[in-house]
S.K.: 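Would you mind keeping the following structure in view while I ask a few things?
Model, not experiment: these values are computed from the prediction. Both backbone and side-chain heavy atoms feed into the values below; hydrogens, waters and symmetry mates do not. In what follows, chains carry the letters A, B, and so on, assigned in the order in which the sequence lines appear, proteins first and then strands, with residues in each chain numbered from 1.
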Amino acid sequence: DSGVTQTPKHLITATGQRVTLRCSPRSGDLSVYWYQQSLDQGLQFLIQYYNGEERAKGNILERFSAQQFPDLHSELNLSSLELGDSALYFCASSVGQVDEAFFGQGTRLTVV
Amino acid sequence: KNQVEQSPQSLIILEGKNCTLQCNYTVSPFSNLRWYKQDTGRGPVSLTIMTFSENTKSNGRYTATLDADTKQSSLHITASQLSDSASYICVVRGYNTDKLIFGTGTRLQVFP
């Protein structure tokens, strides 16, 4: 158990809908990262927050947004969902910005 | 062109045998390099993390090497076990940046 908690574990929704994925980082970790992993693909970095502020942005679509709350948990919002958004979405956390990142077990999103 | 390339893409070995996975990167300047193990459908788990000044680091049967001059790293697995079947991902962080750059991984299958 990495200490990073992601909910829900599975999510099935229809095209055009909006979903929110939640991540609770390890206790004491200030950095939260979000990644997307499509079937048989590598991890694609989406966005990173550090202590509530956005620090780095990767290949995140405009339909996607995220935020980190004062209690350091983070949410990834996916809207106007398309079939191609079906993937595993991972959250990772680290103490600072250069430390080892620990991954959650992911949320498997299926868009039908 | 991906800044972190791994080879081979996939590998099949027999239980008890050794194997070596390769990672070449072009990220420069470079801060650290990590190897992760990812079981299918699960979150990646860190195996090793090395800074540019480290040449080798071991974690049980896993030994990672790093040549910062040639920008190459390898992960050597000794006396493989069935539980080593997974994807192994090389991840590089550039100097003074928050982004982690992921390779697409090597899928290892260990057969009895």
S.K.: Answer yes if B:Ile77 and B:Leu33 sit in the same cluster of Ile, Leu, Val, Met, Phe, Trp and Tyr residues linked by side chain heavy atoms under 4.5 Å apart, and no otherwise.
M.R.: yes

S.K.: How about B:Arg107: does its CZ atom have over 12 heavy atoms from other parts shown lying under 6.0 Å from it?
M.R.: no

S.K.: So for A:Gln6, is it side chain, backbone, both, or neither that comes closer than 4.5 Å to the heavy atoms of chain B?
M.R.: neither

S.K.: Quick check: is B:Tyr88 connected to B:Val45 through a chain of hydrophobic side chains (ILVMFWY, heavy atoms under 4.5 Å apart)?
M.R.: no

S.K.: Inspect the surroundings of CG in A:Leu61 and state if more than 12 heavy atoms from other residues, nucleotides or ligands are less than 6.0 Å away.
M.R.: yes

S.K.: Roughly how far apart are A:Leu88 CG and B:Gln38 CD, rounded to 0.5 Å?
M.R.: 7.5 Å

S.K.: By the definition ring pair (Phe, Tyr, Trp, His ring centres under 6.0 Å), identify the one residue from A:Phe90, A:Phe45, A:Tyr35 that meets it with B:Phe102.
M.R.: A:Tyr35

S.K.: Treat each ILVMFWY residue as a node, draw an edge where side-chain heavy atoms are under 4.5 Å apart, and state whether B:Leu82 and B:Leu11 are in one component.
M.R.: yes

S.K.: Quick check on the hydrophobic clustering: are B:Val110 and B:Leu21 connected, directly or via other members, by side-chain heavy-atom contacts under 4.5 Å?
M.R.: yes

S.K.: May I ask you to name which of A:Gly42, A:Ala92, A:Ser2, A:Ala101 has the most heavy-atom pairs under 4.5 Å with chain B?
M.R.: A:Ala101

S.K.: For chain B, find its close neighbours in residues 104-112 of chain A: heavy-atom separation under 4.5 Å, sorted by number, or none.
M.R.: A:Gly104, A:Gln105, A:Arg108

S.K.: Side-chain heavy atoms nearer than 4.5 Å, only ILVMFWY residues, links allowed to pass through others: does that put A:Ile47 and A:Leu30 together?
M.R.: no

S.K.: For the CD atom of A:Glu100 and the CG atom of B:Asn32, what is their distance to the nearest 0.5 Å?
M.R.: 10.0 Å

S.K.: Under the rule for ring pair (Phe, Tyr, Trp, His ring centres under 6.0 Å), what residues qualify as partners of B:His76, not counting sequence neighbours?
M.R.: none

S.K.: Please report the shortest heavy-atom distance between B:Pro44 and A:Leu43, naming the atom on each side.
M.R.: CG-CD1, 3.6 Å

